[in-house]
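Residue numbers begin at 1 in each chain, while the letters A, B, ... track the order of the sequences. Bear in mind the structure is a predicted one, so any value in this text is a computation, not a measurement.
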Amino acid sequence: MASTPTFQLYNTLTRRVDPIEPAEQTADGTPHLRFYSCGPTVYAFAHIGNFRSFLTADLIVRTARALGWDTTYVTNVTDVGHLTDDDMTDPSGEDRMVKALRSKEGQRFANIWDLARYYTEALLRDWRALNLQEPDVRPRATEHIRPQILAVQQLIENGHAYETSQGIYFSVESFPDYGKLSGRGQDAEALVEGAAAQSRDVVTDPDKRDPRDFALWKKDDAHLMQWHSPWGWGFPGWHIECSVMANEYLGPSIDLHAGGEDLIFPHHECEIAQAESLSGEPFARYWAHTRFLQVEGEKMSKSKGNFYTVRDFIAPEPEGRDLDPLALRLTLLSGQYRKPFNFTFDTLRDNVRHVQRLQDVDALVDDAMAEDAPGDDFLGERLDALYDKALAALCDDLNTPAAIAAALEGAKMLGGVGSNLNGATARRAKDWLDQINALLGIIRHDETPASADDPEEEGLDVQALIDERDAARAAKDYERADALRDALQEMGYEVMDTPEGTQVRRQVRI
RNA sequence: GGUGACGUGGCCGAGUGGCUAGGCAGAGGCCUGCAAAGCCUCCUACGGCGGUUCGAAUCCGCCCGUCACCUCCA
């Protein structure tokens with residue numbers, strides 16, 4: 001094993017790639033990473049862009065664990081709908097979850113709580129399907145209303161917030177560091193002009209002291225989700241939930257905070273303002289942000305018809321395309337998180353192949369271990385070097401393309417040796433595959449051993465054709481064998497002849 | 001308008017002062033009854049123009065182009 005690489009990430013706060021140095025260590029000197037990653041608002045099925053962001057967090061955790069670090073990984077579920085236009089515009093505007101409830105898809109839900117529950121469950125299913133690490137805690141905003149109210153009260157008490165007839169606002173003026181993360185928000189005039197340039201309606205609460213001030217609590221006794229507070233019925237502002245939940249599970253000063261690039265401003269800027277005004281300590285020392293993906297070269301949007309949810313790909317037909325979720329995972333990892341990423345069907349197709357190849361090699365190694373042919377290990381060193389390369393790549397600001405390249409090189413090496421794998425080499429290869437899988441999660445699921453898509457489990461008619469074809473080949477009736485192959489391909493199967501006879505697998509249609 | 005990125009072979013995508021990334025597609029080969037899969041070999045590029053340097057895709061300057069964010073968003 002080569003010397004342990006230094007884990008470094010681009011830090012939005014310092015605008016450079018910084019080595020990650022957790023503030024805490026366990027008794028034996030092991031670094032302990034305390035990490036908070038912003039989760040989605042559950043008003044719809046998660047889309048592939050959401051998951052690109054969650055995958056960044058996933059890789060950070062996997063890399064830290066591969067380095068032997070302790071990790072506490074918290075990622076939230078935002079199940080409170082926040083205003084679509086927040087406080088800059090009409091504060092009586094609808095929120096996203098209310099909107100979803102009133103949409104056509106929303107008709108089947110009894111109420112907004114029902115909708116939130118449904119999409120939360122869908123999120124967790126997709127999460128597991130894409131083989132993301134389970135967080136240590138997955139707090140929900142609605143289950144942390146009281147600490148949010150207490151935080152708002154405290155902010156009023158220490159002079160960082162004030163009340164108007166419509167709500168409670170954070171006073172940006174009271175926090176001189178506002179803007180240190182995003183480089184924005186220093187200049188109230190520019191903010192208003194910027195919004196005007198986007199031809200947004202600039203309608204502020206007339207009692208707001210500064211256009212930059214943002215809502216901590218909205219007074220609204222007609223809202224579909226409301227709680228009682230010292231200021232009457234209403235609901236919390238968007239930014240306060242993450243500050244409060246991060247504090248609750250990780251303490252007032254955490255190591256690393258991550259999310260999508262859109263969250264830099266205003267969400268994370270506002271989180272910093274609230275959290276640091278409460279604790280007087282730096283909220284997070286490192287900030288990592290994932291760049292938005294594009295689809296076929298364009299911004300993903302419903303109006304362009306290129307908007308894809310995770311289930312569009314992995315759900316069984318006809319709702320989805322019945323793809324191996326790991327292929328979607330690999331596709332989303334195939335670009336570095338901080339670079340523009342263009343999601344294309346070509347890339348998806350390539351990655352279906354790559355996952356299949358890794359799984360084929362995995363099966364090959366299993367067979368070789370079972371056979372346990374004599375001989376010394378002759379690949380271990382080269383495989384170890386490839387694993388070190390993959391880990392070093394991830395440590396270098398999550399260079400996933402380089403890490404994946406190392407994985408594929410190893411697969412090629414094993415494929416080249418093929419059936420000449422002896423037992424000793426196969427065991428080393430299995431260790432390597434396990435390590436690569438722990439790092440990238442692209443060969444098999446970590447949690448539930450994949451048993452769902454057993455390739456043997458084909459329909460009766462398919463098995464009959466396979467048997468018939470094997471018989472025809474044994475009898476050297478190649479005309480018949482070729483006709484049967486054509487028939488199987490017609491039915492959507494890839495046909496391969498092996499020493500064990502005809503093998504088939506589902507042809508990927510995307 | 002403000003801020004920040006990016007432009008690498010037919011395509012995707014690493015690298016970032018001299019040393020083959022990797023993949024897809026394409027060509028040839030091994031294997032195969034023929035295929036498929038797999039493996040081997042080949043395909044050598046860095047937006048433009050200047051500059052620094054023994055040497056630049058890599059550093060500097062200018063220009064061109066693409067994209068993102070700027071209170072809906074992962």
Taking the [atom1] atom of each, how far is [N] from [M], in whole Å?
N: B/C64; M: B/G47; atom1: C1'; result: 8 Å
N: B/C54; M: B/C12; atom1: P; result: 37 Å
N: B/G15; M: B/C73; atom1: P; result: 31 Å
N: B/G50; M: B/A14; atom1: P; result: 29 Å
N: B/U16; M: B/G51; atom1: P; result: 27 Å

Item to complete: For A/R140 and A/T120, test the side chains for any donor-to-acceptor distance below 3.5 angstrom and give the result as yes or no.
Response: no
Worksheet item: How about A/D397 and A/Y337: does a side-chain donor come under 3.5 Å of a side-chain acceptor?
Response: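 Yes, because at least one side-chain N or O of A/D397 sits under 3.5 Å from a partner of the opposite role on A/Y337.
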What residues, two or more places apart in sequence or in another chain, satisfy side chain to side chain donor-acceptor pair (under 3.5 Å) together with [X]?
X: A/E276; result: A/K180
X: A/R353; result: A/Q356, A/E494
X: A/H267; result: A/H239, A/E271
X: A/W432; result: none

Worksheet item: Can you give one letter per nucleotide of nucleotides 6-20 of chain B, 5' to 3': B if a protein heavy atom sits under 4.0 Å from the base, S if only from the sugar-phosphate, - if neither?
Response: ------SSSS-----
Item to complete: Using a 4.0 Å heavy-atom cut-off, write out nucleotides 38-43 of chain B from 5' to 3' as B (base contacted by protein), S (sugar-phosphate only) or - (no contact).
Response: SSS---
Worksheet entry | N-O pairing of A/D497 and A/R469 below 4.0 Å |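 Yes, charged N to carboxylate O under 4.0 Å.
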Worksheet item: Between A/D360 and A/R357, is there a side-chain N and carboxylate O pair less than 4.0 Å apart?
Response: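 No, this pair does not count.
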Fill in: Close approaches to RNA chain B from residues 362-370 of chain A, in residue order (heavy atom, under 4.0 Å)
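Per residue number, the list is empty: none.
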[X]: partners by side chain to side chain contact (heavy atoms under 4.5 Å, CB included), with sequence neighbours left out:
X: A/V137; answer: A/V74, A/P139, A/Y249
X: A/D312; answer: A/Y308, A/T309
X: A/D18; answer: A/N11, A/T14, A/R16, A/Y286

Worksheet entry | Canonical and wobble pairing (Watson-Crick, G-U, under 3.5 Å) of RNA chain B, dot-bracket with | | (((((((..(((.....[...))).(((((.......)))))....(((((..]....))))))))))))....
Item to complete: Could you tell me whether the side chain of A/R480 has a donor or acceptor atom within less than 3.5 Å of a complementary atom in the base of B/G33?
Response: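 No, the side chain and the base share no sub-3.5 Å donor-acceptor pair.
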Item to complete: Answer with yes or no whether A/R349 presents, from its side chain, a donor or acceptor under 3.5 Å of a partner atom in the base of B/C24.
Response: no
Discussion item. Would you say A/K299 places a side-chain N or O within less than 4.0 Å of OP1 or OP2 belonging to B/C69?
Written reply: yes
Fill in: Non-neighbouring partners of A/H289 that pass ring-ring contact (aromatic ring centres under 6.0 Å, His included), sequence neighbours left out
A/H268
Item to complete: State which of B/A74, B/A35, B/G33 makes the closest approach to the side chain of A/A481.
Response: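 Nearest listed nucleotide: B/G33.
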Worksheet item: With sugar-phosphate meaning primed atoms plus P, OP1 and OP2, does A/L293 contact a base, only sugar-phosphate, or nothing at under 4.0 Å between heavy atoms?
Response: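 If one applies the 4.0 Å heavy-atom cut-off, A/L293 turns out to touch a base.
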Worksheet item: Would you say the side chain of A/Q148 lies within less than 4.5 Å of the side chain of A/V152, judging by non-hydrogen atoms?
Response: no
Discussion item. Ring centres within less than 5.5 Å and planes less than 30° apart: is that true of A/F292 and B/A68 in this structure?
Written reply: no
Worksheet item: Would one find more than 12 heavy atoms of other residues, nucleotides or ligands at under 6.0 Å from atom CD of A/E173?
Response: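 Incorrect, the count does not exceed 12.
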